[in-house]
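These numbers come from a predicted model, not from an experiment. Values reported hereafter were calculated over all heavy atoms of this structure, with side chains retained and with hydrogens, waters and symmetry mates removed.
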There are 2 protein chains.
Amino acid sequence: MVSIGYVGVDSVPKHPECAQDGTNRCLGDLKVTKADPPLNPWNVFKVTCPTRQVLNCITDKWAVLVVGCLLERDRRSGELRREIEGISQKMLTQTLRALERDGLVRREVFPSVPPRVDYTLTPLGRSLGGIVDQLREWSEQHIDQVLQSQQRYDKAPDKP
Amino acid sequence: MVSIGYVGVDSVPKHPECAQDGTNRCLGDLKVTKADPPLNPWNVFKVTCPTRQVLNCITDKWAVLVVGCLLERDRRSGELRREIEGISQKMLTQTLRALERDGLVRREVFPSVPPRVDYTLTPLGRSLGGIVDQLREWSEQHIDQVLQSQQRYDKAPDKP
DNA sequence: CCGGATCCTCTGGGATACTG
DNA sequence: CAGTATCCCAGAGGATCCGG
């Protein structure tokens, strides 16, 4: 368990499933959050905000790549592995499971021999895909600036 | 060094700075990538695509939160730490440095006593902020579906 | 108040071998 | 071919102390 816990928060953590992996320590009851008067939109900053969990799901390199890949068209497991360079078998499966759990990806098994498994974006996943796609565009458009900035930074002698 | 290396790629890796931390193993010469005939927009999947590096920068929970926070207004270091619940001193500094290196955040020091440091989004950072903001919106709108899906998934007895 | 330096823990993630 | 189970290590990240 991580140390930040529910420190100081009015202790009503009630999404048992959420906390199952170390990354997302959850989070308080959703209803509470929703009933609360509209705070700062970025109550995301509070550990208690369930939205942070969604961050955990898209804040994952592999997940983004997988979603992006499925955005083009449905794929079978092996295709994904070959398409996404550098992903390991383990991480692929793991990522797909998580996405499936979150309802972003649907998994379809064909009991053929050899076995075959297809992955599809759900409508929910597709909607997120829109953002992923913008991310890709942004990257392509601004990669130059970023790289330049990095070079400048690394050259500078007086960085903090 | 990670094992995926430049396997099979026409070996022209030339961004020394990139590889400095383990996370982004880089990546091939940018010019090459750009000169290449327009491939699949998601050549991001190739390890050789510099765009992946940008992914590394936004694919970081803390970075997203920091950018989101600065999106509201400039902040001083301490404010950020207090605002973003759960971030440690170390991670905050580290994240800010990375964002600064990438040219997304500007750091301004006031030689007062006690010292004071302000952080501001650069125009570049602000443009990325647009996407970050959409991410937040998406999260708020779809968190219910995601949570429901998770509960369903966890209840189901026959998951893979 | 800002943040660098250390130490130490724990886990993310690769490599490998095995089942159906 | 798809997926699980094991082993194992580098490095992400927290806690702490210190110095400007």
Side-chain angles (χ1 to χ4, degrees), chain A residues 1-5 7 19-25 47 56-57 59-63 65-66 74-101 105-120 158-160, chain B residues 1-5 7 19-25 47 56-57 59-63 65-66 74-101 105-120 158-160:
Chain A
M1 195 31 153
V2 205
S3 62
I4 67 169
V7 190
Q20 66 181 19
D21 64 295
T23 51
N24 33 349
R25 70 236 42 142
V47 207
N56 284 328
C57 110
T59 271
D60 168 15
K61 184 172 67 174
W62 296 130
L65 289 172
V66 166
D74 303 353
R75 310 266 188 170
R76 23 187 324 189
S77 172
E79 275 182 285
L80 283 170
R81 197 160 6 111
R82 261 168 287 114
E83 198 73 9
I84 304 179
E85 232 182 51
I87 196 172
S88 68
Q89 168 68 299
K90 181 181 172 181
M91 284 320 292
L92 178 59
T93 311
Q94 198 169 299
T95 304
L96 284 168
R97 289 294 169 279
L99 290 174
E100 196 191 352
R101 189 173 104 100
V105 158
R106 203 165 43 93
R107 168 191 151 95
E108 205 168 353
V109 186
F110 302 85
S112 55
V113 190
R116 169 200 179 109
V117 182
D118 279 20
Y119 290 96
T120 318
D158 59 335
K159 48 201 164 205
Chain B
M1 194 32 152
V2 205
S3 61
I4 66 171
V7 190
Q20 67 180 18
D21 64 295
T23 52
N24 31 350
R25 63 221 66 125
V47 206
N56 284 328
C57 110
T59 271
D60 168 15
K61 184 172 66 174
W62 297 130
L65 290 171
V66 166
D74 303 354
R75 309 267 188 169
R76 22 187 326 190
S77 172
E79 276 184 283
L80 284 170
R81 198 162 4 119
R82 261 168 287 113
E83 197 74 9
I84 304 180
E85 232 182 50
I87 196 171
S88 69
Q89 169 68 286
K90 181 181 171 182
M91 284 319 291
L92 178 58
T93 310
Q94 199 170 299
T95 303
L96 285 168
R97 289 295 167 279
L99 290 174
E100 197 191 351
R101 189 173 106 100
V105 158
R106 202 165 43 93
R107 167 191 153 94
E108 203 168 354
V109 186
F110 301 85
S112 56
V113 190
R116 168 199 179 110
V117 183
D118 279 19
Y119 291 96
T120 319
D158 58 338
K159 47 200 165 206

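The CZ-C1' distance, from B:Arg81 to C:dC2, rounds to 8 Å in whole Å. Distance CZ (B:Arg76) to C1' (C:dG3): 13 Å, rounded to an integer number of Å. A:Arg107 has its CZ atom 11 Å from the P atom of D:dA2, to the nearest Å. The CD-C1' distance, from B:Gln94 to C:dC2, rounds to 16 Å in whole Å. Atoms CD1 (B:Ile87) and C1' (C:dG3) sit 13 Å apart, rounded to a whole Å. Put simply, CZ on A:Arg97 is 18 Å from P on C:dG12, counting in whole angstrom units. Atom CD of A:Glu100 is separated from atom C1' of D:dA2 by 14 Å (rounded to the nearest Å). Put simply, CZ on A:Arg75 is 13 Å from P on D:dA2, counting in whole angstrom units.
Taking the side chain of A:Tyr119 as heavy atoms from C-beta on, and the options D:dG3, C:dC2, C:dG14, the nearest nucleotide is D:dG3. Nearest nucleotide to the side chain of A:Lys90, out of C:dG13, D:dA15, C:dC2: C:dG13. Of the candidate nucleotides D:dG3, C:dC2, D:dG13, D:dG3 has the atom lying nearest to any side-chain atom of A:Gln89. For A:Ser77, counting side-chain heavy atoms from C-beta on, the closest listed nucleotide (C:dC2, D:dA2, D:dG14) is D:dA2. Comparing C:dG14, C:dG3, D:dT4 against the side chain of A:Thr93 picks out D:dT4 as the nearest. Considering only the side chain of B:Met91, D:dG14 comes nearest among D:dG14, C:dG14, D:dC1.
One distance of note links CD of A:Glu79 with CG of A:Asp74; it measures 9.5 Å at 0.5 Å rounding. Atom CD of residue A:Glu100 and atom OG1 of residue A:Thr120 lie 10.5 Å apart, to the nearest 0.5 angstrom.
Within residues 108-116 of chain B, the residues that have a heavy atom under 4.0 Å from DNA chain D are, in order of number, B:Pro115.
Evaluation of the side-chain contact (heavy atoms from CB on, under 4.5 Å) rule for A:Asp118 yields A:Arg76, A:Glu108, A:Phe110, A:Arg116 as partners, not counting sequence neighbours.
Residues A:Gln94 and A:Met91 form a side-chain contact, since some pair of their non-hydrogen atoms from C-beta on lies under 4.5 Å apart. Contact annotation: the side chain of B:Leu96 approaches that of B:Leu80 to within less than 4.5 Å [non-hydrogen atoms, C-beta and beyond].
Closest of all the heavy-atom pairs between B:Thr95 and B:Trp62 is OG1-CB, 3.6 Å. Contact detail for A:Leu92 and A:Val66: the closest heavy-atom pair is CD1-CG2, 4.2 Å.
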